[in-house]
Amino acid sequence: MTGKQVLQLMAIIREFYPAYYRDKSPEGAQISARLWKELFAEDDGDQVLAAVKAFIATDTKGFPPSAGQVKARLAQLNAPDMPDEAQAWALVSRAIQRGSYHAAEAFEKLPPVVQDVVGSPSMLRTWAATDADTLQTVVASNFMRAYRGRAQAAMERLALPADVRRLLERHGGTAALPAPPDPEGQKRDALRRLAEAREAQQRAFLGEGCGDAVCRARDGKAKPPR
């Protein structure tokens, strides 16, 4: 974002919120301009101006946008395909319909942030075996709550200044940002592990190449050496 575009940004905000800038001194205006330029130095100036206009067009409270609010709008503009929680669950519901026989393929077609919440193809198989009422109430509610937190974290990462993102990448990547506690995610992981264990036991029972540990659990003793 150039200095000229910063002045345009401030002129737009001042035009729509004149009361908040009536008493600002020239020195104060210069400080504001410098800070805005630093925060958006590596962002596309036209996109920043579009984000400011989008904020103003939907503002119903009458307060000028903060830099953080503009960053959030900018992140939304840069991630237009990020589904909301209802759209994400609709995608998962369609994947679940194929979960019994094509779980891996259905899982790969989900957006990355949705995959993060689902966990693995085996969870789609588990949900496919769940009764419809539980699936569309308990499972849906838990998924959408977990997805809200994960999507919000992804949008917040997008809103970080470029130099902060680079700093995080040097120390392990933006994925290293702490995620909010997710008890439902832990429950889903436990269900996934249970589903995988049941599949392994079923393969062992049918004699489909079980591992020694599973075979020992089935036979009650170690297999004799060949």
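The first residue in the sequence is number 1, and the count goes up from there. Treat the numbers as computed from the prediction; the structure is a model and nothing was measured.
Across every non-hydrogen atom of V113 and R150, the tightest pair is CG2-CG, 3.8 Å. The two residues Q8 and L49 have their closest heavy-atom pair at OE1-CD1, 3.8 Å. Across V52 and I13, no two heavy atoms sit closer than the pair CG1-CG1, 4.0 Å. In terms of heavy atoms, R98 sits closest to A106 at CB-CB, 4.3 Å. For the residue pair P83 and A88, the shortest heavy atom distance occurs at CB-N, 4.0 Å. Residues V92 and L124 share a closest heavy-atom pair of CG1-CD2, 4.4 Å.
Between the side chain of E105 and the main chain of H102, no donor-acceptor pair closer than 3.5 Å is present. Without hydrogens or angle criteria, Q115 side chain to F107 main chain gives a donor-acceptor distance under 3.5 Å. Put simply, the side chain of Y21 never gets that close to the backbone of A11: no donor and acceptor are under 3.5 Å apart. Looking at Q69, its side chain does come within 3.5 Å of a backbone N or O of S66 through a donor-acceptor pair.
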Would you please test L9 and M1 for side-chain contact (heavy atoms from CB on, under 4.5 Å) and show each step? CA-CA 10 Å; L9 178 149; M1 189 174 192; 3.6 Å; yes

Show your working on side-chain contact (heavy atoms from CB on, under 4.5 Å) between Y17 and I56 and close with a plain yes or no. CA-CA 10 Å; Y17 304 96; I56 292 172; 3.9 Å; yes

In sequence, state the C-alpha distance, the side-chain angles, and the governing distance for Q136 and S93, and then conclude on side-chain contact (heavy atoms from CB on, under 4.5 Å). CA-CA 9 Å; Q136 295 302 329; S93 294; 4.0 Å; yes

Give the intermediate values and the outcome of side-chain hydrogen bond (donor to acceptor under 3.5 Å, both in side chains) for residues Q5 and W36. CA-CA 10 Å; Q5 289 170 323; W36 280 93; over 6 Å; no

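Environment of CG in D131: crowded, with over 12 heavy atoms of neighbouring residues, nucleotides or ligands closer than 6.0 Å.
Q97 CD to R94 CZ: the interatomic distance, rounded to the nearest 0.5 Å, is 8.5 Å. The CG atom of L74 sits 8.5 Å away from atom CG of D44, with the distance rounded to the nearest 0.5 Å. For the atom pair CZ of R148 and CZ of F143, the computed distance is 11.0 Å after rounding to the nearest 0.5 Å. Taken from NZ in K109 to CG in L91, the straight-line distance is 12.0 Å, to the nearest 0.5 Å.
Side-chain contact of N142 with Y147: a donor-acceptor pair under 3.5 Å is absent, judged by distance alone. A donor-acceptor contact closer than 3.5 angstrom links the side chains of R73 and T58.
The cluster map of Ile, Leu, Val, Met, Phe, Trp and Tyr, joined by side-chain heavy atoms under 4.5 Å apart, puts M144 and V138 in different clusters. Both F55 and F63 belong to a single network of hydrophobic side chains, linked directly or stepwise wherever heavy atoms of I, L, V, M, F, W or Y lie under 4.5 Å apart.
Under the 4.5 Å side-chain criterion, counting only non-hydrogen atoms from C-beta, S32 is in contact with K24.
Both tests pass for K71 against the ring of F40: distance under 6.0 Å to the centre and angle within 45° of the axis.
In this structure, W127 and W89 have perpendicular ring planes: the angle between them is above 60°, well past the 30° mark.
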